[in-house]
There are 2 protein chains.
Amino acid sequence: MHDWREFDQNPVSHSAAHHLVAIAELLDAYGYARVSDVARELGITRGSVSVTLKGLKGRGLVTEDERRFLGLSEDGERIARGVMAKKQVLKALFVDLLGVPDEQADLDTCKIEHLVSDETASRASRALLFLRSGAREAEAFTEALREFGRAGDPAGFPSEEVEELAREIAREGEEAEEER
Amino acid sequence: MHDWREFDQNPVSHSAAHHLVAIAELLDAYGYARVSDVARELGITRGSVSVTLKGLKGRGLVTEDERRFLGLSEDGERIARGVMAKKQVLKALFVDLLGVPDEQADLDTCKIEHLVSDETASRASRALLFLRSGAREAEAFTEALREFGRAGDPAGFPSEEVEELAREIAREGEEAEEER
DNA sequence: TCAAGTTGTTTGGGTTGCCAAACAAAGCCC
DNA sequence: GGGCTTTGTTTGGCAACCCAAACAACTTGA
């Protein structure tokens, strides 16, 4: 079993990731970003942003010019774009493939965007590209899945059916474990 | 835009969720769970577990008998089972549908298991059940997706192709925004 | 130009969650 | 029975984050 605390062993924390993304989005939208703008975007105080960005500047992810306008270093830009891309890809996959309502998909992906590995994000991207390629198999699959979903039980999570599924998966996992 | 800090607005924190799951797994595996067992399972000190569980007992999620054996209340059990089911469903989906390597899927789902909404988990379950139903469309889809994946660019994440995809999704999102 | 608002920083406080270390209380072995 | 280990708790520290409040250094508008 892995150390479950790999959680906070990421290159950037959840908080830091959001600071970087906020700067990138502000730069995209308005062409500039200041401490106050970031604070407004994130819904926290200027003081908190000021302190956090001090750390990110120290780590070479965020830059600041003489007029206090913020920018992203190459590394910072890369991290921000990566997190943003992960969020968009995952959200689109949740909505288009799984049929999750837009609003809910947004909430979920916002929480997990910075935690998903590049590997998984990359695979998700492939699936999404395939889904959008208009391939016959993709169309047929989503169509059939919708139909399957409508026929399924409307109970909450986890329903009895899902509990059973989970137990089944767990059993399979144990068997695979034993084979080693 | 949502408050990104919905993150920590969950019924239980990441840490608490893992404590509950650890107790459930220990009970499943050995029939009992004590503070030390939980600590070993989570890879943290007994002191930390002792303090955390004091809180969870206070919130009525964890019980303790006169011989210091831990248990889960109905609520605690429900939360633990929910988190475990989410992890298994998501991991299986990542592996079976997206083609993520088992090990990596484990790491990823471990980080996000307690953050995914019931709604999304439920949809993911439907997709997984469909995938395992042996339906023709499901077989054809995974087959074609594998083929599509092999043909794709082997670059890291985010590749130029994925960046382009992300920009495209972002544009669609903005258009949907404007229509309101 | 000068009062009023905006901006960024600093400081003290609070929360969560971890550790290390020190203990007391059982449990176990000979 | 007397050591030795295991167990659970408590305590003091530390690191991330957040806030509120107080400041100084700007802009800016009439």
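Quick caveat: nothing in here was measured; it's all calculated off a predicted structure. Atoms considered below: every heavy atom in the structure, side chains included; atoms not considered: hydrogens, waters and symmetry mates. Here is the naming used below: chain letters follow the sequence lines, and residue numbers restart at 1 for every chain.
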- Query: Once you round it to whole Å, what is the distance between C1' of C:dC19 and CD1 of B:I44?
  - Reply: 10 Å
- Item | Euclidean distance, atom CG of residue A:L70 to atom P of C:dG8 [Å, nearest integer] | 7 Å
- Message: Need one value for B:S48: base, sugar-phosphate or nothing, where a base atom within 4.0 Å counts as base even if backbone is also close, heavy atoms only.
- Response: base
- Task: Please determine, for the side chain of A:R68, which listed nucleotide (C:dG17, D:dT7, C:dT9) has the closest atom?
- Result: C:dT9
- Message: From OH of B:Y32 over to P of D:dG8, roughly how many Å is that when rounded to an integer?
- Response: 10 Å
- Return the value, rounded to whole Å, for the distance between atom CG of B:D37 and atom P of D:dT7. 7 Å
- Between A:D75 and A:R59, is there a salt bridge with N-O shorter than 4.0 Å? no
- Query: Between atom CG in A:L56 and atom C1' in C:dG8, what is the gap in whole Å?
  - Reply: 16 Å
- Note: for A:T45 and B:R34 on DNA chain D, the residue whose nearest nucleotide lies more 5' is B:R34
- Task: On DNA chain D, check which nucleotide each of A:A16 and B:R67 is closest to and give me the residue with the more 5' one.
- Result: B:R67
- Task: May I have the distance from A:E64 (atom CD) to C:dG8 (atom C1'), rounded to whole angstrom?
- Result: 9 Å
- Query: Counting only side-chain N and O atoms of A:S13, is one of them less than 4.0 Å from OP1 or OP2 of D:dC17?
  - Reply: yes
- Task: Please determine if a side-chain N or O atom of B:K57 lies less than 4.0 Å away from the OP1 or OP2 oxygen of D:dT9.
- Result: yes
- B:R171 and B:E174 ion-paired at < 4.0 Å: no
- Message: Please determine whether a side-chain nitrogen of the Lys or Arg among B:E113 and B:K91 lies less than 4.0 Å from a carboxylate oxygen of the Asp or Glu.
- Response: no
- Evaluate the side-chain proximity of B:E64 to B:K57: yes if any heavy-atom separation is below 4.5 Å, no if none is. yes
- Between B:S15 and C:dT16, does any side-chain N or O lie under 4.0 Å from OP1 or OP2? no
- Query: Can a donor-acceptor pair under 3.5 Å be found between the side-chain atoms of B:R46 and the base atoms of D:dG8?
  - Reply: yes
- Let me know the distance between CG of A:D65 and C1' of C:dT7, rounded to the nearest Å. 14 Å
- Give the rounded distance in Å between these two atoms: CG of B:L53 and P of D:dT9. 8 Å
- Query: Can you find a side chain N or O atom of B:K54 that sits less than 4.0 Å from OP1 or OP2 on D:dT10?
  - Reply: yes
- Could you tell me whether the phosphate oxygens of D:dA16, OP1 or OP2, come under 4.0 Å of any side-chain nitrogen or oxygen in A:T52? no
- Item | Note: B:R126-A:E161 ion pair, threshold 4.0 Å (strictly below) | yes
